[in-house]
Amino acid sequence: MTTYTISEINTILKGELIGNTTEKITGPEQLQSAKSNHISFIGSQKYLKYWADSKACAVVVNDNIKIEPSDNRAIIKVKNADLAMAKILELFNPPPPVFDTDIHPTTVIHDTAKIGSGCKIGPNCYVGKDVELGNNVILYPNVCVFDETIIGDNTVIWSGTVIRERCIIGSHCIFHTNVSIGADGFGYRPSDDGRGLVKIPQIGNVIIGHYVEIGANSCVDRAKFSSTIVGDGCKIDNLVQIAHNSIMGRSCIMAGHSGLAGSVTLGDGVIIGGSASIKDHTTIHSGATVGAGSGVVGDVEAGKTVLGYPAQDARDMLKQWVAMRQFMKKQ
Amino acid sequence: MTTYTISEINTILKGELIGNTTEKITGPEQLQSAKSNHISFIGSQKYLKYWADSKACAVVVNDNIKIEPSDNRAIIKVKNADLAMAKILELFNPPPPVFDTDIHPTTVIHDTAKIGSGCKIGPNCYVGKDVELGNNVILYPNVCVFDETIIGDNTVIWSGTVIRERCIIGSHCIFHTNVSIGADGFGYRPSDDGRGLVKIPQIGNVIIGHYVEIGANSCVDRAKFSSTIVGDGCKIDNLVQIAHNSIMGRSCIMAGHSGLAGSVTLGDGVIIGGSASIKDHTTIHSGATVGAGSGVVGDVEAGKTVLGYPAQDARDMLKQWVAMRQFMKKQ
Amino acid sequence: MTTYTISEINTILKGELIGNTTEKITGPEQLQSAKSNHISFIGSQKYLKYWADSKACAVVVNDNIKIEPSDNRAIIKVKNADLAMAKILELFNPPPPVFDTDIHPTTVIHDTAKIGSGCKIGPNCYVGKDVELGNNVILYPNVCVFDETIIGDNTVIWSGTVIRERCIIGSHCIFHTNVSIGADGFGYRPSDDGRGLVKIPQIGNVIIGHYVEIGANSCVDRAKFSSTIVGDGCKIDNLVQIAHNSIMGRSCIMAGHSGLAGSVTLGDGVIIGGSASIKDHTTIHSGATVGAGSGVVGDVEAGKTVLGYPAQDARDMLKQWVAMRQFMKKQ
């Protein structure tokens, strides 16, 4: 097990070390459940009360927090405890699950597929005709990648994920478990007798940029024609729906249960809160934020924050909610 | 690669061909990303501006749109550009992923299962005891079908989908990736000491009609007893929840993230918008529409459109939203 | 097929038997679709009308319902028809899908994994390094359990479910199809140049108690550090999102499409309605109820019921909704 001394950690964090501890630190833990070889964090005054009774031998705190070290327990003051925590998590990040063989004999790979160097493919995967995997791609057990799909270098695909045919996935991506990429978009037309629905073929694909992360059980549908596009650096949480022909710019964030209906356009750096939904054919311009639980029914200007259902300017919506409560109290 | 001339396409669309192009058309593409061998579409005046600079050699437009052909670029005018697009997508629909063997040797099929003629079953599937597959059923890799389930002719099941025991699936259905059919309904009773919850066995099944499409990562739970039923021609998007003992009529549409709580009844042709939820034991009568994001807490009359949370008549709800904004401006 | 006489069933229910039937009862069915060897239920006056035309040979009713037996058709009066139904479902619960072999030869189990006695593992599963399965654990086909994860006795995991490394799962749990346990929490920090997002390693795990049920396609993310915790007896429906570092007490209920953002704390016996969302870092104290479709943005007191978006006291919210409609009618 990797351990660090408090001064080794402080060297990395470039903080101010107050007090000392001789413990060999084995990892981070919350104040209440920490043991004596754990380091913990206090980012806000309200968690300060747990320090006295905690067994943690060290704590990283924001430099505006008033706190004293004690016997064999040290404090590291930093400008940003959250950033320091991220660095400590990188230090203690355990290795990923092992592969005993690079390409497991139970996996089925089509003769025509091209597999880059350093790839690891677990048991019971399927890699279809003319698929191209770059170098160092990891497919955990039970992943399916269909015909002619291309996956870039160093991308990691977790178990249960399915990537349909003719999609293009960038490098350094992470797709978590049970993700669905490239399923048919949801499109029908009335049948000729007007009494039913006929499927419109969805002949496009999905293009996903580099450094994209997609959460467990999320879905990105293939385009009706042309492409559904997720830009470089986008981060998508669990159970998110991205419908056909939507286009996301760079470094957008979509939180859990949020969704884009068809042909939505997001600029760069757009943030979509949890459970928020965006109507089809709308545009959310760069730097805009959609609050959790909102329903957006029209275009949103760059940099604006919207909230509510139907979504409007967040400050107006908050005022409206307050006014409603006031008004009701008078009834 | 299949190509068509502009006059071959016009023959199929039965439109009015204006101008001409000698290009061999390889497929549809959006105006802005089209190359010279692509055909594109203009369904609304607002996209007309992209025509001049597009490289597309042809465009299909609604006949009320004013547009001129140019050098080696043709126009086809039609009554309904969306319908024409659907026909063109059918023309250029590429073949589905290949199967090198009809039934892959890595798949596990119980001795008692009956497999119709023309079935294709990919690697690493599981087909349980007494399962019956009709003719021409396709199971892509990593599909599981449990004991005594029956699947009709020409139904296609994509990877990661699981169909539990004793379900009945119609013909010509499409289930996309990671769908869950027949998981236990969500039912508990208080334990005898009143301090916990005891599972109520869910001994019913799921019955799904013909020509039903179910989107990626959607769920249809088995009934407590009797059946959860999805009628012929229903189209269900991604991440949709259909709880135990719900009954859907014919040709209903449920958009992404929508859900039916237990024992909901939908008539025929009901449309449920994205992220809308329907309370348990309610009935939405035929032809009714539930707006996106709505929460329905009571029965909805045939043909009515409801909106909001709690959902009410859509016109009333829209008026209420407008009035609220007016009222707030005066505060 | 198991059958029971009406008096055998009445002995179990300890009800009042009125009239008699000589039918051998094969199972429960709804009044409208029942055949002559079915028993049915009437819990409320409004379903009484279906009795006369039903072919069911017997019906279990709440003792306040006025109903007469008829020729070879019996009635059992009980205090609680729902509870009686649960007991009857237990009587007729069919056996689960068969395993022809205890551990299927196509499944891949790491040499170091410890498998308890009586375990059954279906085809095409993956069990990683140092995994420990207790006694009588069932893994249906296509389940993946990653390195160092521990699963307690008698737990059942359905197909398509993935449990990531270093998680701890209790005994007597049921995880339905396509569940994702232990995917990375959703955490990023701004890149040093401020123009992108850098992944924060998620080095914690998931701890799930005993008698927990998790619905199809639901997700429980691993903690950033420390653990995401689901307490004993919690019941989680389909398509539910539980984000990193959330902590649930005992016997909580989360209905379909509901979600906990990061670091949410639930007390014991909390009920979260369908599609409800809880903001990160909030606490819902024991015995509180969150209505369906609500968005909770602040702590909720023990025993309180909240509703709406943003959620407030349910009675206040209901009054507000009524008042709004009244107000609008006057406009």
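The structure presented is a predicted model; accordingly, all values stated were derived computationally and were not measured.
Of the listed residues (B:D111, B:N217, B:N245, B:T161), the one with the most heavy-atom contacts under 4.5 Å to chain C is B:N217. Note on B:I200, B:V162, B:V297: by heavy-atom pairs under 4.5 Å with chain C, the leading option is B:V162. Looking only at heavy-atom pairs under 4.5 Å with chain B, the residue among C:P123, C:G160, C:S251 that has the most is C:P123. Chain C forms more heavy-atom pairs under 4.5 Å with one residue of B:G259, B:G293, B:S258, B:A223 than with any other, namely B:S258. Considering only heavy-atom pairs separated by less than 4.5 Å from chain B, the leading option among C:M324, C:K235, C:Q30 is C:K235.
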Requested in this report: Could you give me the CA-CA distance, side-chain angles and deciding distance for C:R325 and B:D316, then say whether side-chain contact (heavy atoms from CB on, under 4.5 Å) is met?
Outcome: CA-CA 9 Å; C:R325 294 201 191 192; B:D316 291 350; over 6 Å; no
Query - Candidate pair B:Y126 and C:Y140, rule ring pair (Phe, Tyr, Trp, His ring centres under 6.0 Å), full reasoning - result: CA-CA 10 Å; B:Y126 176 72; C:Y140 282 101; 8.7 Å; no
Requested in this report: Please report the C-alpha distance between B:D221 and C:N238 in whole Å, then the side-chain angles of each, then the deciding distance to 0.1 Å, and finally whether the side-chain contact (heavy atoms from CB on, under 4.5 Å) criterion is met.
Outcome: CA-CA 9 Å; B:D221 275 358; C:N238 298 351; 2.8 Å; yes
Report task. List the steps and the verdict of ring pair (Phe, Tyr, Trp, His ring centres under 6.0 Å) for B:F225 and C:F41. Result -> CA-CA 11 Å; B:F225 63 96; C:F41 309 95; 5.3 Å; yes
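Neither the backbone nor the side chain of C:F99 comes within contact range of chain B; no heavy atoms are under 4.5 Å apart. Looking at B:S275, neither its backbone nor its side chain comes within 4.5 Å of chain C, counting heavy atoms on both sides. Of the atoms belonging to B:S277, it is side-chain heavy atoms, and not backbone ones, that fall under 4.5 Å from chain C. If you measure heavy-atom distances from C:H104 to chain B, the contacts under 4.5 Å come from the side chain alone. Of the two parts of C:D100, only the side chain, counted from C-beta on, holds a non-hydrogen atom closer than 4.5 Å to a non-hydrogen atom of chain B. Only the side chain of C:S33 has a heavy atom closer than 4.5 Å to any heavy atom of chain B. Both the backbone and the side chain of C:S294 come within contact range of chain B, with heavy atoms under 4.5 Å apart. Interface remark: C:M317 contributes no atoms to any contact with chain B (heavy atom separation under 4.5 Å). In this structure, chain C has a heavy atom under 4.5 Å from the side chain of B:E165, while its backbone stays farther away. Contacts between B:T149 and chain C at a heavy-atom distance below 4.5 Å are absent for every atom of the residue. Contacts between B:K224 and chain C at a heavy-atom distance below 4.5 Å involve backbone atoms as well as side-chain atoms. Interface residue C:A86: backbone and side-chain heavy atoms are both found under 4.5 Å from chain B. If you measure heavy-atom distances from B:R164 to chain C, the contacts under 4.5 Å come from the side chain alone. Neither the backbone nor the side chain of B:D280 comes within contact range of chain C, judged by heavy atoms closer than 4.5 Å. Only the side chain of C:I174 comes within contact range of chain B, with at least one heavy atom under 4.5 Å from a heavy atom of that chain.
From C:H176, atom NE2 reaches atom CZ of B:R222 across 10.0 Å, with rounding to the nearest 0.5 Å. Between C:D237 atom CG and B:Q241 atom CD the span is 5.0 Å, to the nearest 0.5 Å.
Residues C:E90 and B:K199 share a closest heavy-atom pair of OE2-O, 4.2 Å. Nearest heavy-atom pair across B:Y309 and C:A292 is OH-O, 2.9 Å. Considering every non-hydrogen atom in both B:N124 and C:N142, the closest pair reads O-ND2, 3.5 Å. Nearest heavy-atom pair across C:G233 and B:L197 is O-CD1, 4.3 Å. Contact record, C:N93 with B:P201: ND2-CB, 3.6 Å, taken as the closest heavy-atom pair. Among all heavy-atom pairs drawn from C:H257 and B:L239, the shortest one is NE2-O, 2.8 Å.
At a heavy-atom cut-off of under 4.5 Å, chain C is reached by B:N178, B:V179, B:S180, B:A183, B:D184, B:F186, B:Y188 from residues 177-188 of chain B, listed in order of number.
The side-chain heavy atoms of B:R189 and C:L83, taken from C-beta on, include a pair separated by under 4.5 Å.
Remark: C:R250 CZ is loosely packed, at most 12 non-hydrogen atoms of other residues, nucleotides or ligands lying under 6.0 Å away.
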